[in-house]
Visitor: 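I am attaching a structure below and will ask some questions about it afterwards.
Predicted model, so just to flag it, every value in this text is computed and none were measured.
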Amino acid sequence: MVTYRDLCDLRRSEFTEAARGWREISNRGRIASEQVDNEMKAKILQQRGETAGAAMRDLSTLSENFLYTQAECGVIAARLDELAEELASPRRKLKRALEEASQHHLTVDEEGAVSYPSGKDDTGQPYEGGKIPAVAPTQLLDPEFLFGSALDKVPKVRKALDIAGDIGSAVSEADSIDQRYSRVFAELKTTGGLRVTARMWRDAQEDMKAAAGAVDAGDIPRGKSPAENAKWWGSLSPAEQDAYVSVHPAAVGALDGLPAAVRDDANRIALRGEHAEASLALQAHAAKEPVKYRMGLASQNSPSSAWTQWDKKRKELQSKFDALSQLKEPYAGKKDVPEDKQLYILGLDTKGDGKAVVAMGNPDTADHTAIHVPGTGTTLESTPGQLERIGKLQDSAMRHTADGESVSTVLWLGYDAPEIDTSVATPGRAHDAAADLQSFTEGTRVSHEEGRSHVTVLGHSYGSTTVGAAASEGPGLGADDLVFVGSPGTTAENVKDLQMDPAHVWAGATPQDPIPRLAADLTLGRNPAVEDFGAQPMRVNDGGHSSYWDDGQESLLNQGKVIAGVPATTGPYYTPKQVEVGPDGHTPVIKD
């Protein structure tokens, strides 16, 4: 229980110093986690065998523990700062009360009681001195009952009553704050031999929500430009920046214009919470598995409808869990992963089909940055396959860069890609995504550290429709090059609509690709690969709708050239041919 003496001796700076110490531990956790992931794991990935596998599992556990330490210690630091801030109010009240007591020549003892001297009242009648305990006014007996009508005639008694009430109120407020934070800090603890579980990460997310008041989310920019976001971030002290990442990681991680390392740091904390929820949901669903077969029935070899529905849901939950696991441990089971393959999570949203923005290589330091926008049917669960594609684009571009130049490739699934239904036949999703894609592209310019990165935006399938909408609307994309492959249309009728130099707009479509052949020139605009559209005809190899990433083929080679700032090899403009795609949906069947 807080006493008057405790409040007198209070030094709020001790709490802020403690917060600084916890924040330092949080930062050390972040640095240690990055060192484990980017240095220690990289070496183990090149090894094979059971020993290497065991070491990798131990390192993953260690990294997880360090990241958890970063998150929870960051919350503790924010809470300590919040505690210090809240205690300022009762401390000010006490200071004012003591100053007022001194001004009126009233004394305050070691327990906060206010003494008034004997004297004469306003009528000349003598009265004896006394002492009024420091209790909140609501706890004090009725002064009129204690002093009767004489109270109005003795101003010093009235003043002593007021000051004692102020002191009591300040102590009561401080005690209430102390009790509340005692409960808060009692919950922010763990046991020895730390091994972070999904439930612990879910608890950590709840800790962040509970600490939301410690760092005002209302100060985080909403709907601002990347430049304004960057200005806000730069105006914060390092301690304030750490507090925002610790308490509002998802909001910070979504801000275009902030450094990629900051967004990645924030989003990885948010990712742990999402991954934990997916893990726990999968476990809970597995516990509800119904009987698969009913013995004794003729149909016993066919799963029951209840089990079939359960299994469908299980697969959905498993797919989401696997996608988040891929982001959480992007190189599990892989070897020989170079440093430039480090992933930066620049956006994450698990609602609905999910969204993800992931860079391979740091776009803030890259000489060349490519932003790949995927198309129809792409969801969060598609992330592993899309990461493979941006990895191939990066490898292809690196073959054409000058010595010492670096390349970052970005998966931008920052929009709700249409499903295979009527939504794919309208440009609505593309127009809805245009402003967000413009913001992200502008953000890569704002956050770039030195010089000007060469930026290429690539759209595949309906992703090309989205890129076209972003390029043709408002301020456009401000990219150096655009690439369209397998496009059903870009919402534009001519390359001039894209607000780009036609010499830097590239388009390719294989005759075997059913999307340009069947969907272009209808509801989504012209096929950008035809001659009268006006774009550069980028040479592509034969193949289906996914052939643009075939290893060693012209489509991938030429996309890499454009990303590296080298003109692609041009080829014939798109001309429909009598071809079909094989049963696998990929291999062309060319008819004579």
Side-chain angles (χ1 to χ4, degrees), residues 22 24-75 190-205 242 245-246 249 253 260-280 282-283 318 320-346 348 356 358-362 383-384 387-388 390-391 394 408:
W22 282 102
E24 178 61 25
I25 297 173
S26 177
N27 281 328
R28 290 180 183 180
R30 173 182 56 81
I31 293 169
S33 178
E34 292 174 353
Q35 287 177 331
V36 171
D37 288 339
N38 303 331
E39 298 177 19
M40 300 172 72
K41 282 186 178 181
K43 295 178 180 179
I44 298 296
L45 282 168
Q46 301 174 20
Q47 307 299 319
R48 296 182 180 181
E50 293 183 7
T51 301
M56 181 60 70
R57 288 190 294 272
D58 288 343
L59 287 175
S60 295
T61 298
L62 186 61
S63 174
E64 192 81 0
N65 290 354
F66 282 138
L67 192 62
Y68 179 78
T69 299
Q70 175 194 352
E72 287 290 72
C73 289
V75 169
T190 187
T191 57
L194 178 64
R195 187 176 184 86
V196 184
T197 65
R199 293 189 183 281
M200 292 171 67
W201 270 117
R202 182 160 70 179
D203 289 344
Q205 297 297 306
D242 289 341
V245 170
S246 297
V262 170
R263 298 180 69 175
D264 178 65
D265 185 25
N267 283 318
R268 287 195 179 279
I269 294 176
L271 169 62
R272 272 4 187 235
E274 298 290 353
H275 185 267
E277 290 294 341
S279 175
L280 293 171
L282 190 59
Q283 292 174 32
Q318 185 68 55
K320 180 178 180 179
F321 175 76
D322 290 344
L324 292 172
S325 297
Q326 171 76 24
L327 291 175
K328 178 172 170 285
E329 278 292 343
Y331 303 125
K334 298 182 181 181
K335 58 185 179 62
D336 300 330
V337 178
E339 184 177 346
D340 60 4
K341 294 295 183 182
Q342 179 181 346
L343 298 186
Y344 293 79
I345 303 176
L346 307 181
L348 181 67
V358 185
M360 185 172 290
N362 190 344
T383 302
L387 291 179
E388 184 176 352
I390 66 170
Q394 185 190 51
S408 171

Visitor: So L280 and R199, side chain to side chain contact (heavy atoms under 4.5 Å, CB included) or not? Walk me through it.
Guide: CA-CA 8 Å; L280 293 171; R199 293 189 183 281; 3.8 Å; yes

Visitor: About how many Å separate CG of L348 and CZ of R263, when rounded to the nearest 0.5 Å?
Guide: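 Rounded to the nearest 0.5 Å, the CZ-CG separation comes to 11.5 Å.
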
Visitor: Identify the heavy atoms of A278 and L324 that sit nearest to each other, and give their distance.
Guide: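 Scanning both residues, the minimum pair turns out to be CB-CD1, 3.9 Å.
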
Visitor: Of all the heavy-atom pairs spanning A276 and R202, show the shortest one and how long it is.
Guide: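 So the minimum-distance heavy-atom pair works out to CB-N, 4.2 Å.
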
Visitor: Run the salt-bridge test on D264 and R268 with the 4.0 Å N-O cut-off and return the result as yes or no.
Guide: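 Salt bridge between D264 and R268, a charged N being under 4.0 Å from a carboxylate O: yes.
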
Visitor: Drop me the distance from Q326's CD to E388's CD, to the nearest 0.5 angstrom.
Guide: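 That separation rounds to 9.5 Å.
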
Visitor: Working to the nearest 0.5 Å, report the span between CH2 of W22 and CD of E72.
Guide: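 Reported to 0.5 Å precision, the distance equals 10.0 Å.
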
Visitor: So, for G391 and M360, which heavy atoms are closest and what is the spacing to 0.1 Å?
Guide: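 The pair with the smallest heavy-atom distance is CA-SD, 3.5 Å.
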
Visitor: Would you name the heavy atoms of V36 and L59 that are closest together and state the gap between them?
Guide: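 Here V36 and L59 meet closest at CG1-O, 3.4 Å.
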
Visitor: Of the non-hydrogen atoms in I390 and V358, which two are nearest, and what is the gap between them?
Guide: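 For I390 and V358, the tightest heavy-atom pair comes out as CD1-O, 3.9 Å.
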
Visitor: Any donor-acceptor pair under 3.5 Å linking the side chain of S33 with the backbone of G29?
Guide: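 Looks like no, no N/O pair under 3.5 Å.
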
Visitor: What I want to check is whether the side chains of D322 and Q318 have a donor and an acceptor closer together than 3.5 Å.
Guide: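 Short answer, yes.
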
Visitor: Looking only at heavy atoms, what is the nearest atom pair of W201 and A71, with distance?
Guide: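 Here W201 and A71 meet closest at CZ3-CB, 4.0 Å.
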
Visitor: Any side-chain heavy atom of D265 within less than 4.5 Å of one from Q70?
Guide: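 Counting from C-beta outward, D265 and Q70 do come under 4.5 Å.
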
Visitor: Atom CZ of R272 and atom CD of Q205: how far apart are they, to the nearest 0.5 Å?
Guide: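 It is 11.0 Å, given to the nearest 0.5 Å.
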
Visitor: Before giving the answer on side chain to side chain contact (heavy atoms under 4.5 Å, CB included), spell out for L387 and L343 the whole-Å C-alpha distance, their side-chain angles and the decisive distance to 0.1 Å.
Guide: CA-CA 9 Å; L387 291 179; L343 298 186; 4.1 Å; yes

Visitor: Do V196 and L67 touch side chain to side chain, with heavy atoms closer than 4.5 Å?
Guide: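 They are not in side-chain contact.
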
Visitor: Looking at CG of L327 and NE2 of H275, how far apart are the two atoms once the value is rounded to the nearest 0.5 Å?
Guide: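 The NE2 atom of H275 is 9.5 Å from CG of L327, to the nearest 0.5 Å.
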
Visitor: Would you sort out whether S60 and E64 count as a side-chain hydrogen bond (donor to acceptor under 3.5 Å, both in side chains), showing the intermediate values?
Guide: CA-CA 6 Å; S60 295; E64 192 81 0; over 6 Å; no

